[in-house]
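Just follow the structure's listing: the first ligand is 1, and inside any ligand the first atom is 1. One is the number of the first residue; the rest follow in order along the sequence.
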Amino acid sequence: MRVLVSGAGGNMGREVVRAVMAEEDMELVAAVDPREVGKDIGEICGLTRLGIDVTEDLNSALKNIKTDAVVDFTSPFAVMKNIETIIDNGVDLVVGTTGITNADVERIKKRAGKKGVKGVIAPNFALGAVLMMKVSRMISRYFDSVEIIELHHDKKVDAPSGTAIKTAQMILEERGFESPSLPEEIEKIEGVRGGELEGIKIHSVRLPGMVAHQQVIFGGLGQTLTVRHDSLNRTSFMPGVIMALRKLPEIEGIVFGLEHLI
Ligand code: NAP
């Protein structure tokens with residue numbers, strides 16, 4: 001499989017380059033990123049020289065280099081344009097960049113459908129995080145209250161995390177929740193009780209030293225149940241990314257969420 005990495009100079013992109021290089025049946029064919037243009041991607045990733053220079057323009061890379069799939073870990077500001085470019089070039093995609101809404105997914109599905117493009121878009125490629133979401137959906141049947149706390153590094157630009165939104169959506173597919181705010185509740189500091197998605201409170205913490213963490217706390221009569229997942233470093237996402245690439249030939253259209261592949 002000939003893979004182009006979009007956002008190859010970033011934290012996740014460099015990890016993806018190393019992961020693709022470690023797979024015998026995959027070949028890195030190009031690296032796109034406005035950072036580090038002209039430098040050898042192998043050297044940027046702490047590998048030996050690969051003879052592949054980082055380029056800036058995704059569209060020209062796709063026009064000039066035969067590519068089977070693009071992996072995109074860029075920025076919420078860039079991702080939709082990148083996805084459109086990838087689809088219009090008729091190339092399959094694996095996207096981990098966050099900030100993609102449900103409405104965006106519907107638009108992507110339509111555009112990809114017209115071009116016969118397949119893809120996996122997942123707010124979280126860590127297997128443990130996907131299991132956290134699945135288990136939380138199951139537990140929600142038995143507890144009447146839930147709040148989600150997600151914790152990430154201080155460079156993350158979007159809040160709440162895609163994982164927190166996806167977790168809330170999966171729980172909401174199972175059952176509805178009443179807003180946990182009391183009518184007479186007084187917020188002495190605005191927003192201190194967190195944001196709310198259809199009755200589920202979400203709290204976002206941003207601190208240096210963090211990678212990606214989440215806890216889902218269920219409350220019941222005289223008891224709580226907490227499900228917690230920690231990505232301790234970015235290698236945690238790589239088995240999911242490689243699995244998504246391998247599954248591309250057998251899936252239909254665009255799959256949103258790794259839970260549909262495991
Ligand atoms: P990062 O270190 O900032 O890397 C992003 C890279 O993409 C940067 O080098 C950035 O360059 C580059 N970039 C920006 N616009 C681009 C474009 N149009 N085309 C190509 N490259 C572009 O961020 P990160 O920590 O790797 O995270 C990237 C994304 O992945 C975020 O949305 C994050 O939330 C998400 N993420 C997802 C998962 C998951 O499992 N799904 C896990 C971790 C992170 P500049 O700095 O010059 O803009």
Side-chain angles (χ1 to χ4, degrees), residues 3-19 30-39 41 44-45 52-62 67 70-86 89 91 93-101 104-105 119-133 150-167 204-206 208-214 229-245 255-262:
V3 180
L4 180 156
V5 178
S6 168
N11 289 307
M12 287 297 289
R14 276 179 280 149
E15 208 59 64
V16 174
V17 167
R18 289 190 280 266
V32 175
D33 198 305
R35 237 189 255 178
E36 321 278 14
V37 173
K39 293 190 189 156
I41 189 63
I44 290 166
C45 296
I52 300 170
D53 286 349
V54 176
T55 57
E56 199 170 4
D57 186 356
L58 180 61
N59 193 39
S60 345
L62 288 170
T67 306
V70 174
V71 180
D72 185 288
F73 280 93
T74 55
S75 140
F77 304 113
V79 66
M80 281 307 287
K81 172 124 194 308
N82 285 355
I83 290 175
E84 285 168 13
T85 304
I86 300 162
N89 279 280
V91 174
L93 46 93
V94 170
V95 176
T97 312
T98 50
I100 297 173
T101 63
D104 292 334
V105 173
V120 178
I121 303 171
N124 202 317
F125 277 98
L127 183 65
V130 177
L131 292 172
M132 167 187 64
M133 293 185 233
E150 56 96 344
L151 311 90
H152 281 80
H153 57 89
D154 58 340
K155 301 285 182 299
K156 184 166 175 61
V157 292
D158 54 326
S161 69
T163 306
I165 294 174
K166 182 81 182 166
T167 307
S204 298
V205 177
R206 297 290 175 264
M210 298 275 182
V211 180
H213 318 259
Q214 179 168 291
H229 176 260
D230 297 275
S231 275
L232 302 176
N233 62 52
R234 292 178 175 85
T235 56
S236 60
F237 304 110
M238 293 307 117
V241 171
I242 297 296
M243 181 180 81
L245 281 168
V255 171
F256 182 55
L258 203 67
E259 67 277 8
H260 300 295
L261 300 186
I262 61 170

Residue and atom name of the nearest protein heavy atom (relative to atom 30 (O) of ligand 1), distance in Å to one decimal: Phe73 CD2, 3.4 Å

Per-atom contacts, ligand 1 versus Gly96 - under 4.0 Å to a heavy atom: 30 (O), 35 (C), 36 (N), 37 (C), 38 (C), 39 (C), 41 (N)

Student check: side-chain heavy atoms of Asp53 and Ile41 closer than 4.5 Å: no

Atom 43 (C) of ligand 1 - nearest protein heavy atom and its distance: Met12 SD, 3.5 Å

Heavy-atom check, side chain of Phe73 versus side chain of Val95, under 4.5 Å: no

Residue pair His213 / Val211, side-chain heavy-atom distance below 4.5 Å: yes

Shortest protein contact, atom 29 (C) of ligand 1 (heavy atom only): Thr74 O, 3.5 Å

Exercise: do Gln214 and Thr163 side chains pair donor with acceptor under 3.5 Å: no

Residue pair Thr85 / Asn59, side-chain donor-acceptor N/O under 3.5 Å: no

Identity and distance of the protein heavy atom lying nearest atom 15 (N) of ligand 1: Ala78 CB, 3.6 Å

Numbering as shown, the atoms of ligand 1 that approach Ser6 to under 4.0 Å (heavy-atom distance): 20 (C)

Geometric N/O contact Arg35 with ligand 1, under 3.5 angstrom: yes

Side-chain touch Ser231/His229, heavy atoms, less than 4.5 angstrom: yes

Proximal ligand 1 atoms for Phe237, defined as those under 4.0 Å from one of its heavy atoms: 40 (O), 42 (C), 43 (C)

Distance-only N or O hit between ligand 1 and Pro34, under 3.5 Å: no

Nearest-contact summary for atom 40 (O) of ligand 1 - protein heavy atom, Å: Phe125 N, 2.8 Å

Asp33, any N or O under 3.5 Å of ligand 1 N or O: yes

Shortest protein contact, atom 4 (O) of ligand 1 (heavy atom only): Gly10 CA, 3.2 Å

Side-chain heavy atoms of Asn124 within contact of Lys166, under 4.5 Å: no

N or O contact, Pro123 vs ligand 1, cut-off under 3.5 Å: yes

Heavy-atom gap Leu58 to ligand 1 smaller than 4.0 Å: no

Result of checking Asn82, Val71, Ile83 against Leu93 for side-chain contact (heavy atoms from CB on, under 4.5 Å): Ile83

For Ala61 against Thr55, the heavy-atom pair lying closest together: CB-OG1, 4.4 Å

Beyond-backbone contact of Glu15 with Phe237, side-chain heavy atoms, under 4.5 angstrom: no

Proximity of Asn82 to ligand 1 by residue part, where a heavy atom lies under 4.0 Å: side chain

Proximal ligand 1 atoms for Thr97, defined as those under 4.0 Å from one of its heavy atoms: 30 (O), 32 (O)

Asn11-ligand 1 polar pair, N/O distance under 3.5 Å: yes

Within-4.5 Å side-chain heavy-atom neighbours: Leu62 and Leu4: yes

Protein heavy atom at shortest distance from atom 33 (C) of ligand 1: Thr98 OG1, 3.8 Å

Subset of ligand 1 atoms that lie under 4.0 Å from at least one heavy atom of Lys156: 34 (O)

Side chains of Val16 and Met238 in contact at under 4.5 Å (non-hydrogen atoms): yes

Any Ala122 heavy atom less than 4.0 Å to ligand 1: yes

